[in-house]
Every structure is written in structure tokens, then in C-alpha cells.
Engineer: 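Below is one structure. I have some questions about it.
Below, all heavy atoms of this structure are taken into account, side chains as well, without hydrogens, waters or symmetry copies. Values in this document were obtained by computation on a predicted structure and should not be read as measured data.
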Amino acid sequence: MQQLDWIILSVTLLFIVVYGVWKTKGSQNVEEYILGNHTTPWHVVGLSVMATQASAITFLSTPGQAYHDGMGFVQFYLGLPLAMVVICYTFIPIYHRLKVFTAYEFLEQRFDTKTRTLASILFLIQRGLGTGITIYAPAIVLSAILGWHLTWLIVVIGVLVIIYTVSGGTKAVNVTQKHQMFVILVGLVIAFYLILHLLPNDMSLTNALHIAGANHKMEILNFSFDPETRYTFWSGITGGFFLALSYFGTDQSQVGRYLSGKSVRESQMGLIMNGFLKVPMMFFILLIGVMVFVFFQFNPAPVNFNPNNKSAVEQSAYRSEYLALEQKMNKLSDEKKEINLIYIDHLNQNYDNPILRKELVALSSKENDLREQARDIISKANKKAETNDKDYVFIYFILHYLPQGLIGLLLAVILSAAMSSTASGISALATTTAIDLYKRNITTPKSPKHYVNATKIFTVLWGVIAILFACMGTLFENLIQLVNIIGSLFYGTVLGIFLVGFYLKKINAFAVFWAAVCSQLAIFYIYFLEIVGFLWLNFIGALITITLAWLIQTSKNSSAKKIPFK
């Protein structure tokens, strides 16, 4: 990184923090601190909701996902627009009518304290883990690529977020996310333009898509009914729908964003905005990853994008084997470039040469074999090494091929995304702890200022916990998948509780509480057995909770009818 990159990166991040503190300091009551006095306009609600979900993991992992596996991951989001409609017409009106601070307050009014506490604890577990990952994910990748100290990087990200979140609460999160989302969208558009600009001069976007298609990167929809296939149209419409319904409808990190809306209509418009824009945005991010793949058909790519792995191998007895693979990879890169240039020339003559397409597929297969051999060598050199390098693809491209100044901007995009999702996470964790656990169990009256201070203390506490968890984290197969897996383990059960509360009026607290406990244990067991892809866990968890609650209530009613009157 050059001096200009450092200036752009530093100024962007410091502006967000200072602006957040300046605009939102001085909250004197809980409603202002947690709900922003219901003054948030619909477009800020929409941007805040998008920024909360669009963590740094999205911008690090998603392009790498597309680079390796193509556009199929977009199916994960197909159920999201449908979920937005359901939430707008069911969840939001009820939350606003009851004037709740958190989603879980509704559960006490509908059921009892025990059910509210269970849902709150399940949320705190999964969001506590998820928030740690949103810090850890960009930190470990940036640390590896830039040589920055991992722990210090984690601490810096966490502390910056804590500063403005403690200062202004929900309002601070909302106003900073508006600017963070602007930085993110501008950075993505510039990255896409530059990738196309760096391709061979006579190459159009259409030709680039042809090359991606020849390598099976443009297979968007998969209608397979195989439950073990991770991303299909059916898992996206069902599992993705239930995950989005759970996340946006019951996760306080999202509920808190639209509860701050000026009115029911403003909150609904913000969510509908998210429903319209989220799928196109994810499609665009995946397309960036596919274009990075096309770019590397004409430029040399490392046999493994994670520089930590290369360093480990070079210091081991397998150094010569790895160097031999790199030489083969360089030779293969020259072959790919030559064939692709000929293929483009034919495309410019309106001829999609089937023989050349087969050659491209064969070359990609050879490349995949080399990468697999590299992973084997890395595993031999370091058994604890994470050989999957999806999370390093995009950042490698940024640092090695983008011009001075834009590197700083793209790094600002990644860190802004990390800060926005982390801020929403710790704010929601603090709010839930203060309102659903602390305030609910305080017997003596306290002033509004007391609960503001308590929420600030819990914000710092959860921020520190997230930082500590991030410092102890380990890299998973793919970070964006890890976040969604953690969510899928818990969201289905919590969603089931809410759906019973909204739609099945005759089911009482006893039935839904024990149904939820059994459902959560069943989901852990199903995941451990790896019976289905993780997306299905959202649907299964909700279904088990609803079905068991109905069975328990029916059984209880039947038993009550059999007891004779005395």
C-alpha cells in the first residue's frame, strides 16, 4: 500500500466514527438511545438493514465463492423478497402496535417470561458468535495479505465500532451505516469497472460472460431435489425464505433497524427497499467474482491465494514440490491466455467455437487439479492450515492489480462493512441484554437515564466479548457460509416460536416452550449427522417447533377433557 491508500483508508474510517459520535451524542432516555425516537426515514431504514447484513464477509467471501463455484450462490437469497412481504404485513404492524423495544418483548405478552427468556438467550448465543466472526473475518484476511498484526487489527476494528455505538446507540448505527453503504456501493461499482478495463482491449462484457459460461460459472439456477446439494432453487425459496424470515423478523440486529422508523409505513418501505435491492446487489457482487475469474484467464494466478499457506510451505520440506506446482501453474496460465484470446477472436466473428470451449474446460480442470495438489502439500506442511482460499481471492486481486488510491478505497469498503455489521450486532446484543434480561428482572424502579447507562455498559461488554471471540477464532471453509450456518442452527427454532405466536392463537406458553427446547436439540442432532444442507435447517427448525407445539397443546387439551369433575 502507498501513502495515498493509507490516507484514503484512514480518512474514510475516521470520518465515519467522528460523524457518528458528533451527530448522535447525548441520548437521555431509552427510547431515544434504542429506538432513535422513531425518527429514521424509510430510505435510511432500508440502507441500514442492507448494511447490517452486508458484512465484510460478504465482500471478501462472495467474490471468492463465485470465482470457484460460479453464480449459484445467488439462489441463497431467492426467498428474501418473499420474506420481506410477510414481515411487512405481519411482524412490523404488531411490533409497532405493542410499542416494543425488542422483538422478544412480544413473546412475553403472547406467552410468558420463560419463552421470552429462551428466545432472547438463543439470540444472544448465535448473534454473539456471529458478531465475533464479523470482526475476525476481515481481520484475518487483511492480516495475512498486508502483514498487519491480527490481534491489533481485531482490536482496532472493535474499538472504533464501540466508540460511536456507545455514544449514540441505534441512531449512531443508522446514520453511520448510511455513509458506510455509500462507500460500499461506490467501491463495488469502481471495482467492476476496473476489472473490465483491465481485460484485453478488444474484449466486451458479452465476451467475458461467454468465457465465464464456457467454464460453467454462469449456471445460476439449480433445480435439483437432492437435499445434500447446498444451493438449489428449492433450498433458496424454502430454506432461504425461512432464514430471511427469521433473520429480518426475529433477530434484534435487524428488528432494531426498522423499529426506529418514523411510522409503520416508513419501516415497511425500508424493508421493501431491501427486498428489491438485496438480490441484485448479491448478483452484482457474485458477478464481480466471476469477472475476477475471467481476469485470471489472461493473467497469472497463484496456485493458492492465501499467502500464509505459501509461507508455511516454503519453510517446510515440501518447498520444492510446491515450487514445481507453481511453475506448472505459470505454464498453464500462458496456455489459458493463448486459447482464450483465440476464443475471443472467434466470438468477435460471431462464432462460438465448441472445440475451443472444450479446451477451456479441460484447462480449467487441469488448474483445479493443480490447486488440489497444492492443498495436499499445504496440509502436509501444516496440518492445521486452512487450505481453502476462497476468502483471499478478491483481496489478492485488489492488492496486486488495482491502481494506487483505489486499494485504499476498497479496503475502506471491507472495513466499513465490518464496522456496520459489528455495530448492529453489539447494539442488538446490548439492547436485548438490557431490556429482556436486566430490566425484566429488576424489581426496584430505576430512572430512564439508568437504563441508558446500563445499555451503554452492555454495549462495551458485548463489544469486548466479540473482540475476545474474534481473537480466539479459527478460519472455516468459507466465512460467509460459517455465518449462515450459525444462523441456521438457531433461527428456525426462534422463528417457529414467533409463527406460533402470530398465527396459532390457541397454543399456550407451556406447549411452545417445550416444543422450542426439543426443536433446538433436534436441529443440533440433524446438523451433526449432516443429513441435509444447512439452509434446510431453518425450515426444519420452524416446522418441528410448530408441529410439536400443536401436538403438545392438543395432548394437553385432550387430557384436560378426560379429567372428571368432582
Side-chain angles (χ1 to χ4, degrees), residues 83 86-127 241-243 245-252 254-255 259 431-443 487-526 537-566:
V86 174
I87 293 169
C88 284
Y89 286 98
T90 300
F91 291 57
I92 290 178
I94 292 175
Y95 290 153
H96 275 269
R97 186 173 70 249
L98 296 177
K99 301 185 186 313
V100 297
F101 288 97
T102 74
Y104 315 110
E105 284 184 85
F106 160 76
L107 296 179
E108 181 173 358
Q109 297 183 42
R110 171 63 177 86
F111 297 115
D112 60 6
T113 306
K114 188 170 62 207
T115 306
R116 174 185 179 179
T117 303
L118 174 64
S120 301
I121 290 173
L122 290 178
F123 163 73
L124 292 174
I125 293 171
Q126 66 88 9
R127 182 49 53 200
F241 167 76
F242 279 92
L243 176 58
L245 199 61
S246 306
Y247 178 52
F248 291 98
T250 72
D251 189 307
Q252 184 60 29
Q254 284 290 6
V255 174
L259 283 182
T431 299
T432 302
T433 306
I435 301 299
D436 294 296
L437 299 182
Y438 178 73
K439 185 179 179 182
R440 182 63 189 79
N441 292 288
I442 290 292
T443 55
S488 296
L489 285 172
F490 294 93
Y491 279 141
T493 298
V494 176
L495 176 62
I497 298 173
F498 276 86
L499 292 179
V500 170
F502 289 142
Y503 300 114
L504 302 176
K505 301 299 183 183
K506 293 184 179 181
I507 295 179
N508 64 23
F510 176 85
V512 76
F513 176 83
W514 288 109
V517 171
C518 294
S519 171
Q520 192 59 66
L521 294 174
I523 289 298
F524 287 146
Y525 185 66
I526 292 170
L537 297 177
N538 301 282
F539 171 71
I540 294 170
L543 182 64
I544 292 175
T545 302
I546 295 169
T547 304
L548 283 181
W550 181 81
L551 290 173
I552 293 171
Q553 188 65 51
T554 302
S555 175
K556 188 178 178 183
N557 292 343
S558 299
S559 299
K561 289 179 181 179
K562 292 178 182 179
I563 298 175
F565 289 102
K566 294 184 179 179

Engineer: Keeping Tyr491 on the side-chain end and Ala542 on the backbone end, is there a donor-acceptor pair under 3.5 Å?
Structural biologist: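 Here the side-chain-to-backbone pair does not exist.
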Engineer: In sequence, state the C-alpha distance, the side-chain angles, and the governing distance for Phe539 and Phe241, and then conclude on ring pair (Phe, Tyr, Trp, His ring centres under 6.0 Å).
Structural biologist: CA-CA 8 Å; Phe539 171 71; Phe241 167 76; 9.6 Å; no
Engineer: Rounded to the nearest 0.5 Å, what separates atom CD1 in Ile526 from atom CD1 in Ile523?
Structural biologist: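 Atom-to-atom, Ile526:CD1 and Ile523:CD1 are 4.5 Å apart.
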Engineer: A side-chain contact here means heavy atoms from C-beta on lying under 4.5 Å apart; do Ile435 and Glu105 qualify?
Structural biologist: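 Counting from C-beta outward, Ile435 and Glu105 do come under 4.5 Å.
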Engineer: If we ignore hydrogens and angles and just use 3.5 Å, is the side chain of Ser246 paired with the main-chain N or O of Phe242 as donor and acceptor?
Structural biologist: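 Judged by distance alone, yes, a pair lies under 3.5 Å.
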Engineer: If you define the side chain from C-beta out and look only at heavy atoms, does anything of Leu245 sit under 4.5 Å from Ile87?
Structural biologist: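 The answer is yes; the side chains approach within 4.5 Å.
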Engineer: Quick check: do Leu495 and Asn538 have side-chain heavy atoms less than 4.5 Å from each other?
Structural biologist: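 Sidechains of Asn538 and Leu495: no contact.
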Engineer: Are any non-hydrogen side-chain atoms of Arg127 and Thr432 less than 4.5 angstrom apart?
Structural biologist: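 They are not in side-chain contact.
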Engineer: Measure across Cys518 and Leu548 and return the closest heavy-atom pair with its distance rounded to 0.1 Å.
Structural biologist: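 Closest approach of Cys518 to Leu548, heavy atoms only: CB-CD1, 3.6 Å.
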Engineer: Look at the side chain of Gln553 and the backbone N and O of Trp550, then say whether any donor-acceptor pair between them is shorter than 3.5 Å.
Structural biologist: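 No, the answer is negative, given that no donor and acceptor are paired below the 3.5 Å cut-off.
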Engineer: How far does CD1 of Ile546 sit from CG of Leu551, to the nearest 0.5 angstrom?
Structural biologist: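 Spacing of CD1 (Ile546) from CG (Leu551) equals 12.0 Å.
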Engineer: Distance from Thr117 atom OG1 to Phe513 atom CZ, nearest 0.5 Å?
Structural biologist: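 Atom-to-atom, Thr117:OG1 and Phe513:CZ are 8.5 Å apart.
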Engineer: How long is the straight-line distance from CZ of Phe498 back to CG of Leu107, given to the nearest 0.5 Å?
Structural biologist: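 Leu107 atom CG to Phe498 atom CZ measures 4.0 Å (nearest 0.5 Å).
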Engineer: Testing the basics here: between Leu259 and His96, what is the closest heavy-atom pair and its distance to 0.1 Å?
Structural biologist: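 Nearest heavy atoms, Leu259 then His96: O-CE1, 4.1 Å.
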Engineer: Can the ring centres of Phe123 and Phe490 be said to be less than 6.0 Å apart?
Structural biologist: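 Ring centroids of Phe123 and Phe490 are no less than 6.0 Å from each other.
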Engineer: Just so I know, are the side chains of Asp251 and Gln126 near enough to count as touching, which here means a heavy-atom distance under 4.5 Å?
Structural biologist: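 Side-chain contact under 4.5 Å: yes.
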Engineer: Do you know the tightest heavy-atom contact between Val517 and Leu118?
Structural biologist: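 In this case the closest contact between Val517 and Leu118 is CG2-CD2, 4.2 Å.
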Engineer: If you measure from CZ on Arg116 to CG on Leu437, what distance do you get to the nearest 0.5 Å?
Structural biologist: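 Rounded to the nearest 0.5 Å, the CZ-CG separation comes out at 8.0 Å.
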Engineer: Compare all side-chain heavy atoms of Val255 with those of Thr102 and state whether any distance is below 4.5 angstrom.
Structural biologist: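 Sidechains of Thr102 and Val255: no contact.
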Engineer: Does any part of the side chain of Gln252, heavy atoms only, come nearer than 4.5 Å to the side chain of Thr431, both counted from C-beta?
Structural biologist: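 Thr431 reaches Gln252 side chain to side chain.
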Engineer: Nearest heavy-atom pair of Thr250 and Ala103: which atoms, and what distance?
Structural biologist: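 Looking at all heavy atoms of both residues, the closest pair is O-CB, 4.1 Å.
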Engineer: Does Gln520 use its side chain to pair, donor to acceptor, with the backbone of Gly492 at less than 3.5 Å?
Structural biologist: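 Absent.
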Engineer: For the backbone of Gly541 and the side chain of Ser519, can you confirm whether one donor and one acceptor N or O come within less than 3.5 Å of each other?
Structural biologist: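 Indeed, once roles are kept as given, a pair shorter than 3.5 Å links the two residues.
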Engineer: Determine the minimum heavy-atom distance between Arg110 and Lys506, stating which atoms define it.
Structural biologist: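 Result for this residue pair: NH2-N, 4.4 Å.
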Engineer: Counting only heavy atoms not in Tyr503, do more than 12 sit closer than 6.0 Å to its OH atom?
Structural biologist: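 Correct, the count exceeds 12.
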Engineer: Of all the heavy-atom pairs spanning Thr493 and Ala516, show the shortest one and how long it is.
Structural biologist: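 In terms of heavy atoms, the two residues are closest at CG2-O, 3.4 Å.
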Engineer: Could you check whether any side-chain N or O of Tyr95 sits under 3.5 Å from a backbone N or O of Phe106, counting only pairs where one atom can act as donor and the other as acceptor?
Structural biologist: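 Not at all, since once roles are kept as given, no pair shorter than 3.5 Å links the two residues.
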Engineer: How far does OG1 of Thr115 sit from CD1 of Ile497, to the nearest 0.5 angstrom?
Structural biologist: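 If we round to the nearest 0.5 Å, Thr115:OG1 and Ile497:CD1 are 6.5 Å apart.
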